[in-house]
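Just so you know, these numbers come straight off a predicted model, no measurement behind them.
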Amino acid sequence: MRALLEDMKSGQIAVYDVPAPELQEGGILVRTAFSAISSGTEKASVEAGRKSLLGKAMARPDLVKQVMEYARSNGLAAARQKVQARLETLSALGYSCSGVVLEAGAAVSGFQPGDRVACAGTGYACHCEINFVPANLAVRVPDHVGLEAAALTTIGAIAVQGVRQANVTFGETVAVIGVGLVGVLAIQVLRAAGCRVIAIDLSSERAAQATSFGAHLGLSTNDPGLEGAVASFSRYGVDAALITAATRSADPLELAAKLLRDRGRISVIGDVGMGVSRSNMYRKEISLAMSRSYGPGRYDPRYEEGGQDYPIGFVRWTEKRNMEAFLDLLSSGALHVEPLLAHHFPVEEGAKAYAAVEAGAYTGIIEYRAAGDVRPSLPAHTVQPRQKDALRVGCIGAGGFARGIIFPHLRSAAGVLLESVATSTGAAAASARTGFGFSAAQSPSELLDNPNLDAVFILTRHNSHAAYVKSGLDRGKSVFVEKPLAVDREQLEMVRTAYVQALAENRAPFLMVGFNRRFSPLTEKLKNFFARRAEPMLVHIRCNAGFIPRDSWVQDPEHGGRIVGELCHFVDWARAVVGCEMRSLTAAALPDAGRYNGDNLTVTIRFEDGSVANLVYVANGDKAVAKEYFEVFCGGSIARMDDFKVLSLSRGGKIETSKRGQDKGHRREMELAIDAMKQGKDAPIPFDELVEVTEATFAIEEAIRTQRTVSLCPQ
């Protein structure tokens, strides 16, 4: 399918031929008819993309800080690689579109093929021929509303939410400061609500045009008679102000404070500076409200992706209901949007649509007709000829970890052919294809069915791992999956069944999980130090993991949470160092009333030979302290390892210290896995061990919940 994508390094916009998304149970597949460009958000994104690396850094000091923190923990080389991987991507554009439903997921009600819909969401309602959209981000379009106008629905819902946050009532005078696309839509929504509207903009031309969209008065900020004109028109001062401008300056808020009456209200919709002076706000006791995009539910993954609606008795106007309200206004004829649809472009000329917006158009409407004879921006897929001792690899998932760690190792590995890459969105697959030299970009199901592949690397979000592993094993592929192997016992049993079935059919299954830390060079040296031990070990592991907020997908129980998703690394490290089966464990977590999401815990594991491992995992620590620290005590000797950079080995009163750049074992892990795949050997970690470690993470959660010791002995 065709998609309009931005090159994050150069800021250039072009049409690419990318795989279509696949249907998921919680949403719908939509064939796009029209999509609208946001003259604020998208224009700013494109302008940021065109800046130099220094310009990008100056524009986003928050990201620079994150990179510096990452460099302190992982080294300059790793940080440079991470930044490079982020820049060398193609990014999907757009978040407001309309079209027709092709398919509805099994868990979706209220939509069926053929329904006309308006869709919302960054990463979902993109400038693409086909989009997968979660059910709560789509609404049906009334019969009397054309799909072209319906493409404005998401942007219109932003205006609707801004009006709601201002708490306006019939007859009030409202100033709209900043008369771009959201501004003119807000003007019309305010008129429909019975308000008297003043439009104010830096551009006198835009201010004058605003009267044709329903403003009673249009004024320029450069007009010396601005305050007098507003006072005369409003009689008592402005009741409320909507800030729809986009500027780092706080001038729009300062202006609003001057124009408002005593106890007036400000609703901030645009991205503006918030450094307003206290005196203006204080003397009039002005109320200030932030308007969160298109309404309640925005940025809540449980609502947007999980499909959990808010009860109408508690939240009357969610983002979906705001979208419906905007469409109702369109259907009633209360809104006049035809002039906003004047700049109309086929998707092949999408770059011209952005140019029109940069030149001053309110928006650009992109239309998706039959493809015709269009040369795709990506080279056509050509099957590479078979090479002796070469491994044909396909990768599902192309997120930050895949691009920053796995793909570079695969690309540099001898005898590896990057055959295909697949993601849930075509843009990410296209990025990986162009950035790392994959021969093809496919959908996940196409990749798994690809007969040219020898091995599949699964690098997706945690809850999808087990199903992809099963599919890969069923098709006779060698499978490498990032941790965790599964997020619950049902998924683990599914994987176990697929593996056993492959054994029964003499298909020699290969399955490797990305427990990289056991392959670190310093870990190997530590293990060799204790290779001849004759007594049990005491292992202590401390992970200063850091805080992750509750709304992150990592914290979602459906994705396993942090115990299953990250603590598994340290369970595996202890299992590898001790070298025998785990028998039982106990665990306890600090009570934190949800503040740290239960992420401060300690685990004690007992092994078959009497060894004991104590794991301390904390989210309430300080970033100034290294993330990972390991100690092993055995036979009068001590090993201490600090963040995979420094290893101290103490025996007989002598200490040997090894220092090196941080190496968590990814390279060695990949070398061993690839060699085993090519040679038809067993995976570097035995399957039973993979299952044992995964079972242990489930047992940790059970031990915390029940406050009892949990047995790990096979039933």
Tell me whether the count of non-hydrogen atoms from other residues, nucleotides or ligands lying under 6.0 Å of [atom1] in [X] goes above 12.
| X | atom1 | result |
| --- | --- | --- |
| R533 | CZ | yes |
| R507 | CZ | yes |
| E631 | CD | yes |
| E490 | CD | no |
| R475 | CZ | yes |
| D682 | CG | no |
| Q679 | CD | yes |

[X] to [Y] - nearest heavy-atom pair and separation:
| X | Y | value |
| --- | --- | --- |
| L567 | L601 | CD2-CD1, 3.8 Å |
| A574 | A613 | CB-CB, 3.9 Å |
| L473 | V495 | CD1-O, 4.4 Å |
| R403 | F436 | O-CZ, 3.4 Å |
| A428 | A398 | O-CB, 4.0 Å |

- Message: Rounded to the nearest 0.5 Å, what separates atom CE in M512 from atom CG in L690?
- Response: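 Atom-to-atom, M512:CE and L690:CG are 7.5 Å apart.
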- When rounded to the nearest 0.5 Å, the distance separating NZ of K483 from SG of C568 is 5.5 Å
- Query: Tell me, which pairs form a ring pair (Phe, Tyr, Trp, His ring centres under 6.0 Å) where one or both residues lie in residues 664-695, sequence neighbours left out?
  - Reply: F401-H666, Y499-F687
- Query: Going through the checks in order, is the side chain to side chain contact (heavy atoms under 4.5 Å, CB included) test met by L410 and M670?
  - Reply: CA-CA 8 Å; L410 286 174; M670 297 290 284; 3.5 Å; yes
Looking at [X] and [Y], would you say the former's side chain and the latter's main chain have a donor-acceptor pair under 3.5 Å?
| X | Y | result |
| --- | --- | --- |
| N600 | N620 | yes |
| T434 | A430 | yes |
| N516 | K664 | yes |
| D643 | A626 | no |
| E692 | M582 | yes |
| Q491 | V487 | yes |
| S520 | G665 | no |
| S464 | T460 | no |
| T706 | E702 | yes |

Any salt bridge linking [X] with [Y]? Criterion: basic side-chain nitrogen under 4.0 Å from a carboxylate oxygen.
| X | Y | answer |
| --- | --- | --- |
| E608 | R583 | yes |
| D675 | K681 | yes |
| R461 | E482 | no |
| D642 | K627 | no |
| E689 | R518 | yes |
| E628 | K645 | no |
| E656 | K525 | yes |

- Task: Under the salt bridge (charged side-chain N to carboxylate O under 4.0 Å, His left out) rule, what do D663 and R517 come out as? Steps first, then yes or no, please.
- Result: CA-CA 9 Å; D663 186 341; R517 283 162 174 79; over 6 Å; no
Taking the side chain as every heavy atom from C-beta outward, state whether [X] and [Y] have any pair of such atoms under 4.5 Å apart.
| X | Y | answer |
| --- | --- | --- |
| L448 | Y468 | yes |
| F515 | W573 | no |
| F698 | V564 | yes |
| H465 | P484 | yes |
| M537 | F607 | no |
| I638 | V632 | no |

Pair [X]-[Y], side-chain donor/acceptor within less than 3.5 Å:
| X | Y | value |
| --- | --- | --- |
| Q442 | S420 | yes |
| T602 | N614 | yes |
| E304 | Y299 | no |

- Task: Please confirm whether R542 makes a cation-pi placement over F630, using NZ or CZ under 6.0 Å from the six-membered ring centre and within 45° of the ring normal.
- Result: no
- Yes or no on side chain to side chain contact (heavy atoms under 4.5 Å, CB included) for I396 and T423, after CA distance, side-chain angles and deciding distance? CA-CA 6 Å; I396 304 178; T423 61; over 6 Å; no
- Query: Which residue pairs pass the salt bridge (charged side-chain N to carboxylate O under 4.0 Å, His left out) test when at least one of the two sits in residues 588-603, sequence neighbours left out?
  - Reply: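 Qualifying pairs: R562-D599.
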- Query: Does the pair E695 and R496 meet the rule for a salt bridge (charged side-chain N to carboxylate O under 4.0 Å, His left out), with working shown?
  - Reply: CA-CA 12 Å; E695 286 275 18; R496 195 197 321 249; 3.3 Å; yes
